[in-house]
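Numbered from 1 within each chain, the chains take letters A, B, ... in sequence-line order.
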Amino acid sequence: MSGVDPLRSRFGPWLIYALLFALALGGAIAISLGLVAATGGSPLAALSAMFDGSLRSVSAVVTSIDRAVPLLLVAGGTAIAGNAGLVNVGQEGQVLIGALAGTAFGLKVAGSGAIGDVGILVASAVGGACWVGIAVLLKTRARVNETVSTLLLNYVAVQLVAFLVSRQSLLQAPPGSQPITPALRPSGELPSLASGVGFSLSSGIVVALLLAALAIVALRSTRFGFELRIFGMNPSCVESFGIRRQRIVATSLLISGAAAGLAGGVMLSLNPGGMTPTFSGGVGWEGLLVALVSGYNPIVVIPVAFGFGALDAGASFLVASGINATVAAVFEGAVALAVLVPRAMLDQMRQRTMTASLESFERAEKPTTPSTSSVGMQPGGIFTELATQSDAALGTDRGA
Amino acid sequence: MHSLTVIISSGVPLIALLLIAALGELVAERAGTLNISVEAMMLAGAYAAGASALASHSVLVGLVTGSAAGLLIGVLQANLSHRISIDQFVVGIVLVILVQGLTSFLIDSTQLDVVPVAASWHLPLLSRIPIVGQALFAEPWPFDAVYVVIPLVAYLLHRTRWGLEVRSAGEDPVAARATGVASNRRRRQAVELCGLLSGYAGAMLAVAIVGAVSDDMTAGVGYIAIAAVLLGGWSVRGTVLGCVLFGTVEGLSVALPTLGVPVNGQLLVVAPYVVVLLAAPLVAWRRHRPEALGVSFVGR
């Protein structure tokens, strides 16, 4: 091997990653602005509108933060499940059911005072947890993949809410023609943290940051977090450490669902005026994206959530300059790829050099043919069939 | 019209659509990929088909472009998850979000309300059969691909060496690799085939069923295709039955209101999902699922 291998040096991998990431991010920006230009918009106007909407003034920054709060909650919970190697993609439904439970509590039990404020949030979290609980039961009792079940539950959630908010006897608002609940506010609104001319920062951010901090501590320095991460790295070896896998699966998914539900509860106070079946408005998907971009790292989740919140706030200003706001969604998706691809490429390069050096080492040690691994080989079934076919027809392909 | 005819003729297009996408998904899942991006493939196919059919005034061009767009998403999914080994679910979700955003942006910037629609083929004699004739044998011609795709997929999966290797890559990619199968290449090819078929299904939606392209027009049909594969216990026959079941239910949700039957709309929309969630435990018990489904394999 040559003396200077960038993958072995201390900063080499970081340099390669930074280079790849810069390339990919540049690509994402170029594609998004290219889209704007191709459809007759001005990229410069788009950038300036995005800046106006997200960062230019105090009220813009407050809007950005308010947009980031639900994202942070969703992504923080997702990060916990993700560290356990579980892919929960039902946040959209969990947010919706959370908001539904919060609304039901506010309308039917207590909508005002401290009990109302706290109760709505608690009910939301419980609602989100119950919704993911269906997937937990299916996973722990019947080995049903959690990704598929949470995905399908999203669609069930929308219809469930549609059902409840279009019945006068249940949650529909009095006029009775629109599928919408009565407004919860102002009684159940979260107290304002700071307010001034034209802005009012909701205290939801405090809840979100506190929970994010809790997630960081829980993952890094508790026994539970340790067990969870071990489980995520190798689900099959945990039994021998005395860790109960069912409990890890259940706890981490329930936390993830509760956090998403809580996000729905916080959104109730950010968007007053009744709940509809489309109330979640993609927050669940976007929060999932935030978690993926952050690589399930609960610390990285915080800045990424604020970044995405700012993008959202900026995007709502695009309409004024005649540009479709969905370009922000394209950009966010492209950013996710720009983060994921370089990371995976670097991992693969590392693995290749490791395999290469291992092979050259083996060759130097014993010049015989490398032994074929027989991991997972079992007699009977598909592989016997495969082997017999190989022998009969295609001897050339074997022993590669 | 006979009310049974109404029900069948609103179910058949959806069954055909689901079948083509679900059979692609079946191949991908047998190779070990639980391919969530089937939704992205269909949506991309639908948009590309609508836009190109409008520009060229040709349904055929639309179908080809739609399939190509689906294939493109398939190539992306295949290489990201089975070449540089990013988690397949993560890739799938990101692709779905990306394609939803992209198509939604493009649709709002272009006018695609009216798209050429494929003409119906009235098969002589067969289309005159009472009740079922109109529904089964007088559909737009792109539907006839179903009669090719079902036997083709069954043949590919179970009667060719390629299919055997694909299935082995889904059962145990490590062992398959040891016997000389390029596991990851087979997985990529399976996902790409899924992309081609799902793209075609999406194209059918645009140029043979709806005749327009709208925001998020697939609306979760891709996930119903995934559900059909699961309910069908990962076999061709089961998948076909699953698609027929879900297509009929979806057809009912369209047909019953027009027939004046009072029925809860939400219940019918939600039925396929609930059926799958309830049936999934039974299927998971009784049918063999590909052992390495959803498990990534690092190597060639």
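- In this structure the side chain of A:Asn145 reaches within 4.5 angstrom of the side chain of B:Phe89, judged on heavy atoms.
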| Between A:Leu35 and B:Phe105, is a side-chain contact (heavy atoms from CB on, under 4.5 Å) present by the stated rule, with each step listed? | CA-CA 9 Å; A:Leu35 272 177; B:Phe105 178 80; 3.7 Å; yes
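- In this structure, the separation between OG1 on A:Thr326 and CD1 on B:Ile107 is 9.5 Å, given to the nearest 0.5 Å.
- Residue contact with chain A, scored on non-hydrogen atoms closer than 4.5 Å, is absent for B:Leu293.
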| field | Steps toward side-chain contact (heavy atoms from CB on, under 4.5 Å) verdict (B:Tyr273, A:Leu151) | value | CA-CA 10 Å; B:Tyr273 303 107; A:Leu151 187 63; over 6 Å; no
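- Interface remark: A:Leu340 contributes backbone and side-chain atoms alike to the contact with chain B (heavy atom separation under 4.5 Å).
- Only the side chain of A:Val89 has a heavy atom closer than 4.5 Å to any heavy atom of chain B.
- With respect to chain A, the highest number of heavy-atom pairs below 4.5 Å among B:Val276, B:Ile86, B:Leu106, B:Ile36 belongs to B:Ile86.
- The candidate from A:Ala329, A:Ala162, A:Ala336 with the greatest count of non-hydrogen atom pairs under 4.5 Å with chain B is A:Ala162.
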| said: side-chain contact (heavy atoms from CB on, under 4.5 Å), that's the test. Do A:Phe331 and B:Leu98 meet it? Break it down for me. | reply: CA-CA 8 Å; A:Phe331 180 66; B:Leu98 194 60; over 6 Å; no
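- Here the straight-line distance linking atom CD1 of B:Ile84 with atom CG of A:Leu346 works out to 11.0 Å at 0.5 Å rounding.
- Residues B:Ser85 and A:Asp347 form no side-chain contact, since every pair of their non-hydrogen atoms from C-beta on lies 4.5 Å or further apart.
- Residues B:Ile93 and A:Trp285 have side chains in contact (heavy-atom distance under 4.5 Å, counting atoms from C-beta outward).
- Between chain A and the options B:Asp87, B:Leu277, B:Val96, heavy-atom pairs under 4.5 Å are most frequent for B:Leu277.
- For the pair A:Leu152 and B:Tyr223, the minimum side-chain heavy-atom distance is below 4.5 Å.
- Chain B forms the most heavy-atom pairs under 4.5 Å with one residue out of A:Val156, A:Val87, A:Leu153, A:Val148, and that residue is A:Val156.
- The number of heavy atoms from other shown groups lying within 6.0 Å of OH (B:Tyr155) does not exceed 12.
- In this structure, A:Arg343 places its CZ atom where more than 12 heavy-atom neighbours from other residues, nucleotides or ligands lie under 6.0 Å away.
- Residue B:Ile224 does not touch chain A at all, counting heavy-atom pairs closer than 4.5 Å.
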| task | Give the intermediate values and the outcome of side-chain contact (heavy atoms from CB on, under 4.5 Å) for residues A:Thr147 and B:Leu34. | result | CA-CA 9 Å; A:Thr147 311; B:Leu34 216 167; 5.9 Å; no
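- For a residue to count as touching a neighbouring chain, one of its non-hydrogen atoms must lie under 4.5 Å from one of that chain's; by this rule A:Ser166 touches chain B with the side chain only.
- Using a 4.5 Å cut-off between heavy atoms, B:Val99 makes no contact with chain A at all.
- Under a 3.5 Å cut-off, the side chain of A:Gln348 and the backbone N or O of B:Arg83 do form a donor-acceptor pair.
- There is no contact between B:Val91 and chain A, counting heavy-atom distances below 4.5 Å.
- Between A:Leu337 and B:Leu80, some side-chain heavy-atom pair lies under the 4.5 Å cut-off.
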